[in-house]
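In what follows, chains are A, B, ... by sequence order, proteins preceding strands, each numbered from 1.
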Number of protein chains: 2
Amino acid sequence: MKINKKSPLPIYYQIQEMIRGKLESGEWPPGYMLPSERIFAEEFDVSRMTVRQAVTELVSEQLLTREKGKGTFVAEHKIEQMLQGLTSFTEDMKARGMKASSELQLFQMEEADAATARLLQLKGGSVYRMERLRLADNKPMALENSYLHAEMFPGLGKEAASGSIYNRLEQDYGITIGSADQSLEASLASEREAELLGIAPGAPVLLISRTTYTADGEPFEHVISSYRGDRYKFRIHMPR
Amino acid sequence: MKINKKSPLPIYYQIQEMIRGKLESGEWPPGYMLPSERIFAEEFDVSRMTVRQAVTELVSEQLLTREKGKGTFVAEHKIEQMLQGLTSFTEDMKARGMKASSELQLFQMEEADAATARLLQLKGGSVYRMERLRLADNKPMALENSYLHAEMFPGLGKEAASGSIYNRLEQDYGITIGSADQSLEASLASEREAELLGIAPGAPVLLISRTTYTADGEPFEHVISSYRGDRYKFRIHMPR
DNA sequence: AAAATATAGTTGTCTATACCAATTATGCTG
DNA sequence: CAGCATAATTGGTATAGACAACTATATTTT
């Protein structure tokens, strides 16, 4: 519980991160009343306004709530926060109470088509393409085509396709996952999709396209998935 | 462009609302550089910190962006903003640069089926049911079935179906729209859907179900829409 | 015992000032 | 004219203090 006034990091930021730590560790659980702003200011020997600057941002992120005359409290966990997180197929199925698995159909480096190159903001034209059949409780659920920015992940092998690829990318290539754009549309199963998914050609499929960005805003993957229309619903909660 | 120092409303709030007005009216378009904080402070004869308090909140709402050494600017409209707010069909189409209209097919009070009654947490079993064909640039885009909690909106007439029904509910019945749960799935057009939407029976449609809640958490409407798969993509941005 | 009052502690608002860091405009110099 | 140093302007950080609005508790009065 210390701050360093000589650090190049702003004082308010140090206090903010300290509080964030208490929240994440659970040391300050939901409902907990924080030390008052004056106490904080005295403790760190800073001005009260500096403390307020630290707290204000956390309040606007809805991690804390202020109550006039009472104090500042740790906010209750909200359902919405769940939906902020980006879901991988594995996590999605787990949340639905099903066991996820994959069958790798294809892994190769290839030249990106124009649309993919544009979405990934490629200079060089190479991408890793990975086609995986996604299973839930050992039954086909979706056919997934991933395109990975080849320059960003040199030497990526097909063994990456098993297990969580995001963990691999974060650990071995030092990227941090940021945001994602998704689009959903209805379509009909092609011959190939139908065969792999075990449905009739022309049966409905939900087409989900996702472009995922690093925390720096660089796009690093584009995924197009065809989900069985009879087995999959995409759910979303829109807060406020 | 005035503020009232004797108003019970805080000064920073008055400034904030003034800026919000300029943004909404379009007087300050995206990219516009705001007067500097010092100019503002002088103009209103308040401290610069007070101006900063007004601006800070708008920045955290992503309506403005600050750039050190350059100035404060009106943010570009981001796709994300569309998806944060709850979108009505009208707003959705407007955001896509199309003109929205409707053809009312049906408006009646009826007994809710079990699923609808559960979703709307009905005690009495009555709902208003409203079927509308939704057009974008005068071409069929979706067929929409709305179920409204009848007890909450006594005396609602079919004239409500034209124009923005949300405005009507907010103004006449004093509700505030809160959150919504949505689910999306792929399906095939039924005979009736196909005819109204102008597509072949069995063509792909995107089925969107939405339950909308008031700010108090009371569900007040359930909507099931069938969107033409060839014309509509649902887009969503997942932050962080 | 109940009601009114005081008191202390909390966040909310606002001031006036100071210096720092990044960017842009200006004017000088070669 | 190009390049460079300087100044001016902008937002970023931080201080110290003041009063207001609100809440909870303790004290006094009725």
Q.
Rounded to whole Å, how long is the line connecting atom CZ of Arg66(B) with atom P of dA21(C)?
A. 18 Å
Q. Does any donor atom in the side chain of Arg48(A) or Thr50(A) lie under 3.5 Å from an acceptor atom in the other side chain?
A. no
Q: Assess whether one donor atom and one acceptor atom, taken from the side chain of Arg52(A) and the base of dT13(C), lie less than 3.5 Å apart.
A: no
Q. Can you check whether Ser36(B) has a side-chain N or O nearer than 4.0 Å to OP1 or OP2 of dT10(D)?
A. yes
Q: Give a yes or no answer on whether the side chain of Lys22(B) reaches the backbone of Pro29(B) with a donor-acceptor pair at less than 3.5 Å.
A: no
Q) Given atom CD of Gln53(A) and atom P of dC14(C), what is their separation to the nearest angstrom? A) 17 Å
Q) Has Lys70(B) got a side-chain N or O lying under 4.0 Å from the OP1 or OP2 atom of dT24(C)? A) yes
Q: Measure up the Tyr227(B) and Phe89(B) rings against each other and bin them: parallel (under 30°), tilted (30 to 60°), perpendicular (over 60°).
A: tilted
Q. Under a 4.0 Å N-O cut-off, is there an ion pair linking Glu57(A) with Arg52(A)?
A. no
(Q) Assess, by modelled atom type and distance only, whether the side chains of Glu221(B) and Tyr166(B) contain a donor and an acceptor separated by less than 3.5 Å. (A) yes
(Q) Without decimals, in angstroms, what is the distance between Arg38(A) CZ and dC22(D) C1'? (A) 13 Å
**Q.** Distance, rounded to the nearest Å, where Lys68(A) contributes NZ and dC22(D) contributes P
**A.** 5 Å
**Q.** Side-chain touch Met98(B)/Met141(B), heavy atoms, less than 4.5 angstrom
**A.** yes
Q) Quick one: Arg48(B) CZ to dA18(C) C1', roughly how many Å, whole number? A) 11 Å
**Q.** Nucleic acid contacts of residues 5-17 of chain B, taken as heavy-atom distances under 4.0 Å to DNA chain D
**A.** none
Q. Hey, are Arg20(B) and Glu17(B) close enough for a salt bridge, meaning a charged N less than 4.0 Å from a carboxylate O?
A. yes
Q: Using a cut-off of strictly less than 4.0 Å, decide whether Ser47(A) has a side-chain nitrogen or oxygen near OP1 or OP2 of dG17(D).
A: no
Q. So, is Thr50(A) near the phosphate of dT15(D), with a side-chain N or O under 4.0 Å from OP1 or OP2?
A. yes
(Q) Please report the distance, rounded to the nearest Å, between CE in Met49(A) and P in dT13(D). (A) 13 Å
(Q) Rounded to whole Å, please give me the gap between CZ in Phe40(A) and C1' in dT15(D). (A) 19 Å
Q: Between Gly69(A) and Glu37(B), just flag the one whose closest nucleotide in DNA chain D comes earlier from the 5' side.
A: Glu37(B)
Q) What is the distance from CD of Glu67(B) to C1' of dT10(D), rounded to the nearest Å? A) 11 Å
